[in-house]
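Following: one structure in structure tokens, then a few remarks.
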There are 2 protein chains.
Amino acid sequence: MQLQEAQEKFIQSWGTLGSHWGINRTMAQVHALLLISAKPLSAQEIMDALKISSGNANMNIRALIDWGLVFKELKPGERKEFFVAEKDMWEVIRKIIIQRKKKELEPVIKVLNDVSTVDENTPEAEEFVRVVQDIRLFAQKADSTLEGLVKSDQKWFVGTFLNMIK
Amino acid sequence: MQLQEAQEKFIQSWGTLGSHWGINRTMAQVHALLLISAKPLSAQEIMDALKISSGNANMNIRALIDWGLVFKELKPGERKEFFVAEKDMWEVIRKIIIQRKKKELEPVIKVLNDVSTVDENTPEAEEFVRVVQDIRLFAQKADSTLEGLVKSDQKWFVGTFLNMIK
DNA sequence: CACTACTTTCAAAAGGTTTTGAAAATACAA
DNA sequence: TTGTATTTTCAAAACCTTTTGAAAGTAGTG
């Protein structure tokens with residue numbers, strides 16, 4: 001397979017995957033492009049490579065920087081900005097977990113805590129509290145596991161992960 | 001807090017969470033409604049409770065059945081169908097993992113395998129293959145871990161999960 | 001069979017998200 | 001300061017997904 005074809009396939013595929021993971025298609029494609037680039041790219045190069053508008057490029061590069069998946073790099077003597085991707089896959093996963101935990105898991109736990117204060121004075125209320133408690137327990141377990149994972153270093157995670165599959 | 005308010009909050013919250021997990025809003029709300037219902041509900045009851053159309057209800061109930069998150073229940077002497085949710089949270093997670101693994105992880109692994117056959121005859125090609133191999137390793141590790149998890153029983157998973165956080 | 005209750009389909013409408021690109025803002029250089 | 005390259009903003013347009021609801025289909029009942 002030719003390099004260019006392979007690169008395009010990879011970018012498409014990463015875009016599709018990203019869109020299922022709270023990262024929009026273009027954002028994931030920009031990340032993919034930077035991942036496989038041997039050198040930092042300018043906004044213009046990204047726009048050209050992916051055939052996207054300046055607004056779109058700007059917005060998604062910014063979001064990637066917010067997520068900690070891309071870094072700005074300034075070259076001495078160059079006015080324009082260049083961008084490089086976080087290439088360590090474990091770091092990438094960690095960064096995504098941090099965002100999603102904050103935006104999804106934590107709000108849900110808050111709601112579960114709130115609603116579990118309902119009075120158990122009818123069979124319906126009992127069933128409700130039972131289900132909510134069950135989910136709450138699970139959510140808290142997931143939360144502390146992910147918290148540990150985020151704080152841990154790479155080696156520990158790889159080791160534990162491998163242990164799981166034995 | 002009143003039961004009804006708590007139920008509505010829970011359904012909204014589950015809907016929002018679901019929409020980040022490849023389960024559309026309404027589908028997740030139907031699941032939430034059935035989760036906290038002490039008895040099986042008919043399509044009409046679901047339509048009324050969530051104020052959705054028959055087409056919408058039908059489509060999402062079907063999808064939930066496909067995912068194995070909801071079961072059809074027939075009551076003797078009743079013509080209409082009733083529905084109950086899978087209430088075991090570990091089962092719910094397993095069912096979701098099965099779907100997402102099949103629809104997301106497996107296609108990506110296929111693409112990674114394909115594109116890693118590119119010739120390493122330039123620095124760009126070398127960088128590309130290096131990044132792809134790295135991701136491939138990770139993806140395969142994730143795949144086998146999830147496969148193990150899906151095949152495992154609940155206790156093993158809880159145990160391992162807890163061990164991870166120590 | 002005809003009637004009725006219920007389920008399913010699907011084209012059109014609504015709703016939501018992403019993208020565009022022109023204009024404005026910024027920042028450096030001369 | 002003026003000119004130029006670059007980045008940022010944002011309203012409108014394009015695009016994609018979900019929802020509606022009427023009509024068609026299905027199946028049990030008398």
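Since the structure is predicted, the reported quantities are computational estimates derived from the model, not experimental observations.
Contact between the side-chain N/O atoms of B/K80 and the OP1/OP2 oxygens of C/dC6 is found at a separation under 4.0 Å. Remark: A/T26 is in phosphate contact with C/dT19, judged by side-chain N or O atoms under 4.0 Å from OP1 or OP2. Within the structure, a side-chain polar atom (N or O) of B/N58 is placed less than 4.0 Å from OP1 or OP2 of C/dT8. When the side-chain nitrogen and oxygen atoms of A/R25 are compared with OP1 and OP2 of D/dC15, none of them lie within a distance under 4.0 Å.
The listed nucleotides are D/dT20, D/dT9, C/dT9; the one nearest the side chain of B/N56 is D/dT20. Here the side chain of A/E81 is nearest to one of C/dT20, D/dG21, D/dT7, namely D/dT7. Here the nucleotide nearest the side chain of B/N60, chosen from D/dT19, D/dT8, C/dT19, is D/dT19. For B/N24, taking side-chain heavy atoms from C-beta onward, the closest of the listed nucleotides C/dG21, D/dT18, C/dT18 is D/dT18.
Comparing A/M59 and B/M59 by the nucleotide of DNA chain D whose heavy atom lies nearest to each, the residue mapping closer to the 5' end is A/M59.
Taking 3.5 Å as the limit, the base of C/dC28 and the side chain of A/R79 contain a donor-acceptor pair of atoms between them.
Using modelled atom types, one finds no donor on one side chain facing an acceptor on the other under 3.5 Å when comparing B/E8 with B/Q12. No hydrogens or angles considered: nothing links the side chains of A/Q29 and A/T26 as a donor-acceptor pair under 3.5 Å.
Checked by atom type and distance alone, the side chain of B/E45 pairs as donor or acceptor with a backbone atom of B/S42 at under 3.5 Å.
A/Q44 comes within 4.0 angstrom of no nucleic acid atom, judged by non-hydrogen atoms across all strands. A/K72 comes within 4.0 angstrom of no nucleic acid atom, judged by non-hydrogen atoms across all strands.
The cationic group of A/K75 lies under 6.0 Å from the six-membered ring centre of A/F82 and within 45° of the ring axis, placing it in a cation-pi geometry.
Scanning both residues, B/N58 and B/R62, for their nearest heavy atoms gives OD1-NH2, 2.8 Å.
Put simply, CE on B/M47 is 11 Å from P on C/dC6, counting in whole angstrom units. Here C/dT8 presents its P atom at 9 Å from CD1 of B/I61, a figure rounded to the nearest Å. Atom-to-atom, CE of B/M27 to P of D/dT19 comes out at 12 Å; the value is rounded to the nearest Å. B/I23 has its CD1 atom 16 Å from the C1' atom of D/dT17, to the nearest Å.
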